[in-house]
> 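Have a look at the structure that comes next, please.
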Amino acid sequence: MRTLALLLLFSLPARAGHVDASLLSARAAAAPGESFAAGLKLKMRDGWHVYWRNPGDAGLAPSLAWRLPRGWNAAPLSWPVPERLEFPPLTNFGYNGEVILPLTLTVPAAARPGTRAALRAHAEWLECREGCEPGEAELTLNIGVAGEPLVKAADAAALAAALAGVPRPDAGAAVAAARSGDTVLLRLRGRHPRAEFFPKDPCTFANARSGVSVSPVETELTLKQAPGEALPARVEGVVVRPGFAPAEISVPVSAGGAVARFFFLAFAGGLLLNLMPCVLPVLTFKALGLLNRKDHHPAQVRCEALAYAAGVVLSCEALAVVLLAARRAGATLGWGTQFQSPWAVSSLAALFIFAGLSLFGVFEFGARWMGAGRALTAREGRIGSFFSGVFAMAAGAPCTAPFMGATLGWALTRPAIEVLAVFGALGAGAAAPYACLSSWPALTRLLPRPGNWMVMLKKFLSLPMFATAAWLLWVCWHLLAAVPAPADALWQPWSAQAVERARAAGDTVVVDFTAAWCLSCQVNERTALAAPEVRAALSSPGVSAFRADWTGRDKAIQDELARYGRNGVPLYVVHPGGGPAVLLPELLTKGLVLDALAAGAKPKP
């Protein structure tokens, strides 16, 4: 591929002599045995460029062959951080304008003060713009030998600046690297929306800019496999994080580490789902039910806990089977897409009203009921507990807990067994708090004694049930009446064409993929995205904000979500300065949004 690209580039006409080469030295005279900075300076004209040590898809790195007097030594060239040079479909790494490639020269200890040495070198490079020309130069550096070094101030300053741009090894920059199919997920410490990775060697990873996902504490780069090449055993190269020194990294790639990590994230997402407003009232009511069973045999209570966990896990697995069947049929479904059906929304609204009336005491179906009437509480509550778990997951569908979006999106690209395992881990996490509480009598004994306060608490817990039912009826009305989203001058209606036009203009583009039935979306829109500082940043010149409303079925939005590896909302995408996408987490904070916007801010004139 690279050879073919080079032949094509060389076949185009181009003028030669577009690069001026020279040698720099931090010393006009150096002491015997001294090591000092020197460098190869390449100054390009008229938009021409030269290449980095790994030139990318096409190109050749500059080289310097020394002819030194006896005893003198020259270290290899060092390489400042390059730029990405995009010539679709090629992506190269190199330098525009001017670059200094530093190195170290060492004077022999036996050199006699008062003498001079002529250090000769043959420089070669490839200079390219629309076509390419090989360049070369014979260079000479004259250095005196003296008892006291004599500094060349201008060259020393230029070399110091160049050395500051040379990456240094930093073991703390990268957290880990894990293989995931034909990609490697590289995790960096800290939030870096504009992080970039430059592979050390050619043909290890694809050279196009890596996808970036940002969380409150980490940044994840998705490194794609180079075409026709096997994934390497280590991630070696340069990580660039604006505001931080460039870092040279070498991280082992753990085989299967991504799978284990996503299983863990699915379990953690299930745990956090219990704190979402959709599920918390259900879990609280189930915990209250334990108070009425303090005197029951522990084995009976554990059986009911297992039944509840089975209801939760099997509900998740049933959803996984439906999604796999849809994938096999060529359709795309996702977390919460059932809420695009008015019938599903109205049925769930009726269920919440029914549950709220029971909690309020209008009618009684037993303290352990949460789903389907008196018959389901038979058999010592095991069936009732099972359907409680089913209801808990049905109630949790409008919410997306942290980690869930990326995890479920990743899972649905994997083999069926891994999809089932990830959804099972999600269900296990969601069932774990209640199962643990009910399985250990010592924990149950910490709960207060039953009393009249329970009646008042149940009535209080009916309020979020009624509120959720009212919200679902509002969503159903939106679906049936095709009500447009409330007008907000800050947010433009989304279309792929509008986003591309804004990116082409160099704007920082923000896209909010949302839905009226997505509670997590609504919370983010009323908190982080509604903060005055965020709205001011979104309305500033050079920023274009788009809202993609997925309340009803929209194949264009569905396809766009799939392009980012997601199968549901919320999804927040930022293109700093019109560049590649940065994905933000499901639950936003003001700081996360402002950091991503600041990464694409245009400098003031």
Side-chain angles (χ1 to χ4, degrees), residues 187-193 211-220 261-262 264-283 334-337 339 392-393 395-411 422 425-426 429-430 432-433 464 467-468 471 491 510-535 537-538 545 547-551 561 564-574 581-599:
R187 294 160 53 206
L188 307 179
R189 191 168 280 107
R191 297 201 305 247
H192 308 290
V212 180
S213 297
V214 179
S215 75
V217 296
E218 282 186 354
T219 300
E220 184 176 87
R261 176 169 171 260
F262 278 114
F264 171 77
L265 291 178
F267 184 84
L271 281 174
L272 294 173
L273 191 62
N274 288 289
L275 301 178
M276 297 290 104
C278 324
V279 180
L280 187 59
V282 180
L283 184 64
W335 182 263
T337 51
F339 283 87
M393 291 314 295
C399 290
T400 301
F403 316 127
M404 282 180 56
T407 302
L408 299 185
W410 171 86
V422 166
L426 175 69
T468 302
W471 167 71
W491 295 92
V510 181
V511 184
D512 170 16
F513 291 89
T514 184
W517 43 260
C518 170
L519 275 178
S520 302
C521 305
Q522 303 305 315
V523 169
N524 286 331
E525 288 169 17
R526 286 159 176 76
T527 54
L529 295 178
E533 301 93 327
V534 172
R535 289 186 65 86
L538 289 171
R547 182 159 280 161
D549 188 351
W550 203 40
T551 301
L561 289 169
Y564 290 112
R566 300 299 172 89
N567 72 327
V569 292
L571 173 64
Y572 304 99
V573 181
V574 181
V582 175
L583 306 187
L584 302 184
E586 291 88 348
L587 291 185
L588 295 179
T589 65
K590 180 174 66 176
L592 276 169
V593 180
L594 292 175
D595 280 356
L597 292 173

> Strictly distance-based, threshold 3.5 Å: is any side-chain N or O of Thr219 a donor or acceptor partner for the main-chain N or O of His192?
yes

> With Ser215, which residues qualify under side chain to side chain contact (heavy atoms under 4.5 Å, CB included), at least two apart?
Val217, Glu218

> Compare every heavy atom of Pro193 with every heavy atom of Val582, then report the nearest pair and how far apart it is.
CG2-O, 2.9 Å

> Identify, with sequence neighbours excluded, every residue that meets side chain to side chain contact (heavy atoms under 4.5 Å, CB included) alongside Arg191.
Val214, Leu592, Asp595

> If every non-hydrogen atom of Ala537 is compared with every non-hydrogen atom of Leu597, which pair is closest and at what distance?
CB-CD1, 3.6 Å

> side-chain contact (heavy atoms from CB on, under 4.5 Å) between Glu533 and Leu594: does it pass, once the steps are laid out?
CA-CA 8 Å; Glu533 301 93 327; Leu594 292 175; 4.1 Å; yes

> Output all residues satisfying side chain to side chain donor-acceptor pair (under 3.5 Å) with Arg535, sequence neighbours left out; order by chain, then residue number.
Asp488

> Decide yes or no on side-chain contact (heavy atoms from CB on, under 4.5 Å) for Tyr564 and Leu583, but give the supporting numbers first.
CA-CA 9 Å; Tyr564 290 112; Leu583 306 187; 3.9 Å; yes

> To the nearest 0.5 angstrom, please state how far the CG atom of Leu584 sits from the OG1 atom of Thr589.
9.0 Å

> The criterion is side chain to side chain contact (heavy atoms under 4.5 Å, CB included); which residues satisfy it with Glu525, sequence neighbours excluded?
Asp512, Thr514, Cys521, Gln522, Leu529, Arg547

> Compare every heavy atom of Trp550 with every heavy atom of Trp517, then report the nearest pair and how far apart it is.
NE1-O, 3.7 Å

> Residues two or more places apart in sequence or in another chain: which of them pass side chain to side chain donor-acceptor pair (under 3.5 Å) with Thr551?
Asp549

> Looking only at heavy atoms, what is the nearest atom pair of Gly269 and Leu426, with distance?
C-CD1, 4.1 Å

> Would you mind reporting whether Pro570 and Glu586 have side-chain heavy atoms less than 4.5 Å apart?
yes

> Would you say Ser213's side chain and Glu220's backbone share a donor-acceptor pair under 3.5 angstrom?
no

> Under a 4.5 Å cut-off applied to non-hydrogen side-chain atoms, are Tyr572 and Val511 in contact?
no

> Got Val573 and Phe513 here, is their nearest side-chain heavy-atom distance under 4.5 Å?
yes

> Tell me every residue that passes side chain to side chain contact (heavy atoms under 4.5 Å, CB included) with Leu271, counting only those two or more places apart in sequence or in another chain.
Phe267, Ala432, Pro433

